[in-house]
Number of protein chains: 2
Amino acid sequence: MAAKRRAQMVEETRAKLIRAAREAFSSKGYSASSMDDLTAAVGLTRGALYHNFGDKKGLLQAVIDQIDGEMLERMRIAQEHAANPWEGLLQESVAYIEMALEPEIQRIMLLDGPAVLGDPSQWPNQTACLRRTESIVRELIDDGTLKPVDAEAAARLLNGAALNAALWIAAADDPRAVLKKAVDAFLELATGLRR
Amino acid sequence: MAAKRRAQMVEETRAKLIRAAREAFSSKGYSASSMDDLTAAVGLTRGALYHNFGDKKGLLQAVIDQIDGEMLERMRIAQEHAANPWEGLLQESVAYIEMALEPEIQRIMLLDGPAVLGDPSQWPNQTACLRRTESIVRELIDDGTLKPVDAEAAARLLNGAALNAALWIAAADDPRAVLKKAVDAFLELATGLRR
DNA sequence: GGTGCTAAGATACGCCTCGTATGTAAACGG
DNA sequence: CCGTTTACATACGAGGCGTATCTTAGCACC
């Protein structure tokens with residue numbers, strides 16, 4: 001029972017630390033999170049942390065990678081449920097807005113992440129999110145649905161608009177009402193790309 | 001000569017500290033900037049800082065207020081030089097993109113600011129920037145140029161798209177080429193709001 | 001099965017930074 | 001001219017990060 005495989009033990013401690021970090025980073029923010037407290041919360045010390053992740057930034061990076069994977073998956077699902085590619089693009093953006101409403105994603109992915117690790121477009125997975133959108137845009141340009149704009153530029157702008165909408169909504173008194181306004185305006189705006 | 005008025009002396013030290021902070025924050029980032037070094041660089045100590053700004057965040061807030069004022073002014077100028085309100089709206093957004101290319105604005109206003117002080121829409125001046133855009137949008141809706149969308153939502157989305165475009169451009173290998181792509185796509189996207 | 005080796009994690013240390021509490025000297029008001 | 005307030009400096013304590021060292025437990029190989 002106590003005789004677990006080594007690799008498995010390591011994976012467990014890494015998972016424990018990442019879980020604790022998600023909790024601490026999203027509630028207190030990155031810089032206010034003490035690594036001493038964080039590790040102690042799961043029965044470890046900073047030794048384990050520095051051994052596994054190198055430094056505090058390394059832990060944040062690991063957390064971001066994990067959340068990024070989850071976001072990508074949710075966007076994929078949203079797009080798959082749409083009737084056609086154009087709807088898929090819109091649904092994906094709406095999903096993005098909704099995710100950005102969650103405090104954890106907002107704090108870690110949208111606020112602390114970029115500030116600590118630099119521009120988000122450098123992150124491999126964030127790029128993956130974007131590449132999804134971009135490839136759909138390209139597809140829609142090819143089949144004549146969209147104007148022949150630069151696909152990457154269009155994807156960036158759409159994501160940017162969605163992201164800012166999300167930050168706005170999250171800070172609003174009545175998120176529901178604001179969400180509706182934002183989505184409505186977003187759908188209108190997006191038609192600017194249609195041929 | 002040395003007999004200056006007190007208020008003037010205070011204004012000078014505040015200006016010195018803000019100038020040093022703009023330099024330090026934009027080059028090293030907020031958290032990596034030591035208040036000891038920063039104050040020593042202009043011949044003061046942390047005493048002056050904590051007396052004038054309360055704490056490190058207070059200094060950042062002062063820096064942000066100053067930069068915000070400059071940004072607002074530049075957007076105002078860009079919009080005034082346009083032939084008509086619709087062009088004014090576009091020019092203002094382009095000016096925003098161009099400003100966001102500057103490392104100082106990017107680092108302080110777009111990365112560290114939101115992370116340290118919270119959502120930008122809480123900042124009084126950032127709201128002022130937005131209010132400008134919003135009032136123009138409202139005007140254009142009233143005169144029938146734009147679709148009857150929610151003015152604030154539209155303003156947010158436009159600013160968000162512009163902001164993300166700027167971050168993209170800044171990280172690009174060939175900023176000039178990318179700037180052109182982004183502006184082109186932005187102008188197309190914005191037409192989605194036209195009636 | 002025993003043994004040398006490697007790696008995971010704990011413990012201990014020093015450095016830096018922030019915020020505050022206290023001190024001091026100069027400017028203001030009467 | 002003098003008490004008071006204000007602006008800033010100095011001194012102090014508390015964390016927090018990163019690293020260097022130490023211990024223990026698993027693994028490979030004989």
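Numbered from 1 within each chain, the chains take letters A, B, ... in sequence-line order.
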Name all residues meeting the ring-ring contact (aromatic ring centres under 6.0 Å, His included) criterion together with A/Tyr30; count only those two or more places apart in sequence or in a different chain, and write none if there are none.
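Scan of A/Tyr30 (ring-ring contact (aromatic ring centres under 6.0 Å, His included), adjacent residues dropped) gives A/Phe25.
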Using whole Å, what does the distance between atom [atom2] of nucleotide [N] and atom [atom1] of [X] come to?
X	N	atom1	atom2	value
B/Lys57	C/dT17	NZ	C1'	16 Å
A/Asp36	C/dA10	CG	P	12 Å
B/Leu60	C/dC18	CG	P	13 Å
A/Glu12	D/dG26	CD	P	13 Å
B/Gln8	C/dA27	CD	C1'	14 Å
A/Lys16	C/dG9	NZ	C1'	12 Å
B/Met35	D/dA9	CE	P	13 Å
A/Lys28	D/dG15	NZ	P	13 Å

Output the residues of residues 37-55 of chain A in contact with DNA chain D, where contact means a heavy atom of the residue under 4.0 Å from an atom of the strand; sort by number or write none.
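Within this stretch, A/Arg46, A/Tyr50, A/Asp55 sit under 4.0 Å of the strand.
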[X] (side chain) donor-acceptor with [Y] (main chain) under 3.5 angstrom:
X	Y	result
A/Lys147	B/Leu189	no
B/Arg74	B/Ala95	no
B/Lys181	A/Glu152	no

Any side-chain donor-acceptor pair under 3.5 Å between A/Ser34 and A/Asp36?
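There is no such pair between these side chains.
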Flag side-chain contact, heavy atom, 4.5 Å: A/Leu193 against A/Val137:
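No, too far: nothing below the 4.5 Å cut-off.
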Would you say B/Thr13 reaches D/dA7's phosphate, i.e. side-chain N/O to OP1/OP2 under 4.0 Å?
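Checking D/dA7 against B/Thr13, no side-chain N or O comes under 4.0 Å of OP1 or OP2.
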How would you label the contact of A/Ser31 with the nucleic acid (heavy atoms, under 4.0 Å): base, sugar-phosphate, or nothing?
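If one applies the 4.0 Å heavy-atom cut-off, A/Ser31 turns out to touch nothing in the nucleic acid.
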